[in-house]
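All chains are named by letter (A, B, ...) in the order of the sequence lines, taking the proteins before the strands, and each is independently numbered beginning at 1.
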There are 2 protein chains.
Amino acid sequence: MPEDRINKVSCSNYRCEIEITLEIISGKWNALILWTLGKEGKKRFGELKKSISGITQKMLTQQLKSLEKYDIITRVAYDVSPPIVEYSLTEKGLRLMPILEEMDIWGKEYIKDHK
Amino acid sequence: MPEDRINKVSCSNYRCEIEITLEIISGKWNALILWTLGKEGKKRFGELKKSISGITQKMLTQQLKSLEKYDIITRVAYDVSPPIVEYSLTEKGLRLMPILEEMDIWGKEYIKDHK
DNA sequence: CTGAATCCCAAATGATACTG
DNA sequence: CAGTATCATTTGGGATTCAG
């Protein structure tokens, strides 16, 4: 375990701040979840699951939890039966959107050039 | 296809173009490699290895290859002994820099808010 | 409806030794 | 110097089942 090799935000020991951002939005579904919440606004768990084709319940739960920990999304649970849980972007999450927009644009151009 | 990944962009269907961009710049060292090349310009293999603390030869080779396949960096090898190999950003790679800049800014703010 | 708990496999990364 | 090759380990993610 040679030296400075800790990626965790909580440890503040990283090689550059890009990695923090990357750590938060990478993962197979995170960007898509953020993109969906950013474009369509507040959504319930089941709605998200329907919007994001192919995702399993486990992965959705897992990545939502991760995003919530990072304070990128907010989870609001209404104590009713059957339960209602709504997710939305936080202030930090909203400030992530311009980056996703640019990544979207870059990706579109990249595809265009490769045809 | 472990390790030496094929260029999936040409054959995969994506759910959104953000994922293409993410596929290219994620991976444990890719962003750092791009950032270094973007900030410091053309670099030799060994210089990169020294600049990026903690990376192994294998990972550097591997991710450089991946980035080259994606046409994000250019590899120029001079046939001398001992060999000289220089890496630099392509046009596409350069157009990735603004995104990395924004991720850097976002990350710095994120850290600041979490202290 | 939302989500926790397991089990399992594939993929990513790391350690180390070797080479033209 | 700039890589390969091989093996070991860690991590990420999918399928399935259970639960409040």
Side-chain angles (χ1 to χ4, degrees), chain A residues 1-8 14-15 19 22-33 36-37 42-70 73-88, chain B residues 1-8 12 15 19 22-33 36-37 42-70 73-88:
Chain A
M1 240 3 68
E3 63 208 290
D4 51 347
R5 255 262 36 241
I6 303 164
N7 269 351
K8 291 306 171 189
Y14 41 85
R15 296 159 301 206
E19 299 189 294
L22 218 40
E23 177 183 331
I24 291 174
I25 69 175
S26 65
K28 186 161 178 184
W29 306 96
N30 281 325
L32 214 44
I33 292 171
T36 304
L37 287 178
K42 182 169 63 180
K43 273 192 174 292
R44 292 183 58 177
F45 183 87
E47 293 174 331
L48 270 176
K49 182 151 167 27
K50 234 185 297 180
S51 291
I52 302 174
S53 155
I55 195 170
T56 62
Q57 240 163 9
K58 178 197 167 186
M59 288 312 295
L60 183 53
T61 305
Q62 192 173 300
Q63 312 235 312
L64 284 171
K65 253 190 193 166
S66 164
L67 291 170
E68 195 195 356
K69 256 189 195 167
Y70 283 124
I73 64 174
T74 303
R75 176 183 186 274
V76 177
Y78 299 92
D79 196 10
V80 294
S81 180
I84 293 179
V85 182
E86 289 177 338
Y87 293 92
S88 55
Chain B
M1 48 254 72
E3 303 222 338
D4 72 320
R5 301 160 26 128
I6 57 166
N7 189 328
K8 289 191 289 182
S12 285
R15 295 160 299 209
E19 299 190 293
L22 263 181
E23 178 183 330
I24 292 174
I25 69 175
S26 66
K28 187 160 177 183
W29 306 95
N30 282 323
L32 216 42
I33 293 170
T36 304
L37 287 177
K42 180 169 63 179
K43 271 192 175 293
R44 293 182 58 176
F45 183 88
E47 292 174 331
L48 270 176
K49 182 150 166 30
K50 234 186 296 179
S51 291
I52 302 174
S53 155
I55 195 169
T56 61
Q57 236 162 14
K58 179 195 166 188
M59 287 312 295
L60 183 54
T61 304
Q62 192 173 301
Q63 313 234 312
L64 284 170
K65 256 188 192 166
S66 165
L67 291 170
E68 195 196 356
K69 260 189 192 165
Y70 282 125
I73 64 174
T74 303
R75 176 184 186 273
V76 178
Y78 299 92
D79 197 8
V80 293
S81 179
I84 294 179
V85 181
E86 290 176 338
Y87 293 92
S88 55

According to a strict under-4.0 Å criterion, is [X] in side-chain N/O contact with OP1 or OP2 of [N]?
| X | N | result |
| --- | --- | --- |
| K65(A) | dA4(C) | yes |
| R44(B) | dC1(D) | no |
| Y87(A) | dG3(C) | yes |
| K58(A) | dC8(C) | no |

- request: Report the nucleotide, chosen from dG3(C), dG14(C), dG14(D), that has the shortest atom-to-atom distance to any side-chain atom of T56(A).
  value: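 Selected nucleotide: dG14(D).
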Can you tell me the distance, in whole Å, between the [atom1] atom of [X] and the [atom2] atom of [N]?
| X | N | atom1 | atom2 | answer |
| --- | --- | --- | --- | --- |
| N30(B) | dA12(C) | CG | C1' | 12 Å |
| L60(A) | dT16(D) | CG | P | 18 Å |
| K28(A) | dG12(D) | NZ | C1' | 9 Å |
| Q62(A) | dA15(D) | CD | C1' | 13 Å |
| I52(A) | dG13(D) | CD1 | P | 13 Å |
| E68(A) | dA4(C) | CD | P | 10 Å |
| E47(A) | dC1(C) | CD | C1' | 12 Å |
| E86(A) | dG3(C) | CD | P | 12 Å |

message: Determine whether a donor-acceptor pair (N or O, by modelled atom type, separation under 3.5 Å) exists between the side chain of Q63(B) and the backbone of N30(B).
response: yes
message: Less than 3.5 Å apart, any donor N or O on the side chain of Y70(B) or E23(B) sitting next to an acceptor on the other?
response: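 A donor-acceptor contact under 3.5 Å links the two side chains.
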Atom [atom1] in [X], atom [atom2] in [Y]: separation rounded to 0.5 Å?
| X | Y | atom1 | atom2 | answer |
| --- | --- | --- | --- | --- |
| T36(B) | I52(B) | OG1 | CD1 | 4.0 Å |
| I33(B) | S51(B) | CD1 | OG | 11.0 Å |
| K28(B) | Q62(B) | NZ | CD | 12.0 Å |

- prompt: Taking for each residue the nucleotide of DNA chain C bearing the nearest heavy atom, is the 5' side occupied by Q57(B) or by Q63(B)?
  reply: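 Nearest-nucleotide comparison on DNA chain C picks Q63(B).
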